[in-house]
**Student:** 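Below is one structure. I have some questions about it.
Throughout, residue positions are numbered sequentially from 1 according to the sequence presented. Computed from a predicted model, the values in this text were never measured in an experiment. In listed order, ligands and their atoms are each counted from 1.
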Amino acid sequence: MSEKNRVGIVCYPSSGGSGIVATELGLALAHRGWEVHFITYAQPLRLQGFESNVFFHEVQTDNYPVFHHPPYTLSLAVKIHEVAEAHGLDVLHVHYAIPHATAAYLAKQMFLPKRLPVVTTLHGTDITLVGVQPAFHRITRFSIEESDRVTAVSQFLRQKTVESFGVEREIEVIPNFVDPDKFRPLDERRLPFCANRDEKIVVHASNFRPVKNIPSVIHTFAKIREAMPARLLLVGDGPERYGAQELVGQLGLQKNVHFLGIREGMSDLLGCADLYLLPSEHESFGLSALEAMSCGAPVIATSRGGTGEVVVPGVTGYLCDPHDIDEMGRIAVELLSDQERHRLVGQAARKRVLELFTEDKVIAQYEQVYRELTGEAVRS
Ligand code: GMT
């Protein structure tokens, strides 16, 4: 490749799944020779250290007494325009519709008559919880319609977008992915600092929002704890954390539940998990469950949403009503008590990841979208 392909990536930098997918995508593209420009308000969580071909452009916004809120969308549009102009972006890929697809539209108009092709990836709550609100519905629909290409992380989310917004344009499904060399089963079971050898390790990671239904994680763990020695490791932080701590106290589980906060290095932690719990109210894909599966850890996930496209129930994991604690507790205890069954489910989970959701397979799909969109501009 004589000259590099250049992509701008807009995402939320926090621990949510959309930011993680966007960051891992950018890093993978950089490893394939792309020049990657992250544009967001803080350094993305998984963007650690210095990588060649990777640049981070911080969006700063100013406030003024007449504004009730700092106008982030406008500052983002300005930064996108600035980066596109200075670095000659071939394509701009925004993750999470609100307000990123809208800022992209503005930047694209400002860039005329030069071309700035925009790909929007829908991740889940941007459609199911935020975009559908009356205050955002019209602009979400408009921004989706105006993007040059739109992808969604599951068939479920594609369908939801069509139903909720009546959009008629094509939406392509490109699933979440993992690097299976990074997220892999450990050769030898390493115990997290806090656990004893006879204890089962149960893990949940999220942004602790109501949609994650943390009480079901804790109640299911309580069922497991009644049957065997076990620890629950909770990774992440968010508005439900205090409530979760209170519930842990009420159930007398303080010694068995650890709140680890927002962490990098999930691959190491998931490598020692015996079980991963994701009983969300709904989940458009469930990236963290995929990462656990890649590590060979069986998952019990919500049956609501797109998780059925990730987990084959009873084979590579389990899908349950997220409020059916008895059912989740029963499945967890049976699985954790049956070493052979546990091994088979973990192996099947890893196999499914290798077949369908590896970084190589999925990045190639995004590159194909960029190529189709830009014609000659993006080189193979
Ligand atoms: O729910 C989260 O963890 C955050 C949210 C986000 O947008 O940052 O995650 C959504 O995007 C992930 C990556 O595509 C998906 O794997 C999650 O399923 C999705 N969350 C929901 O649908 C609730």
**Student:** Roughly how far, to the nearest 0.5 Å, is the CG atom of Asn213 from the OG atom of Ser206?
**Tutor:** 10.0 Å
**Student:** I'd like to know if the side chain of Ser147 and the backbone of Ser143 have a donor-acceptor N/O pair within less than 3.5 Å.
**Tutor:** yes
**Student:** Give a yes or no on whether a salt bridge exists between Glu240 and Lys212, defined as a side-chain N under 4.0 angstrom from a carboxylate O.
**Tutor:** no
**Student:** Would you tabulate the side-chain donor-acceptor contacts of residues 60-72 under 3.5 Å, counting partners in other chains and residues two or more places apart, or write 'none'?
**Tutor:**
from	atom 1	to	atom 2	distance (Å)
Thr61	OG1	Ser75	OG	2.7

**Student:** Would His95 and His123 count as a close aromatic pair, with their ring centres under 6.0 Å?
**Tutor:** yes
**Student:** Write out the protein residues near ligand 1, meaning a non-hydrogen atom under 4.0 Å from one of its atoms, in order of chain and number.
**Tutor:** Gly16, Gly17, Ser18, Val21, Tyr96, His123, Gly124, Thr125, Val153, Asn176, Asn207, Lys212, His282, Glu283, Ser284, Phe285, Gly286, Leu287
**Student:** Sub-3.5 Å donor-acceptor pair from the side chain of Arg6 to the main-chain atoms of His37, do we have one?
**Tutor:** no
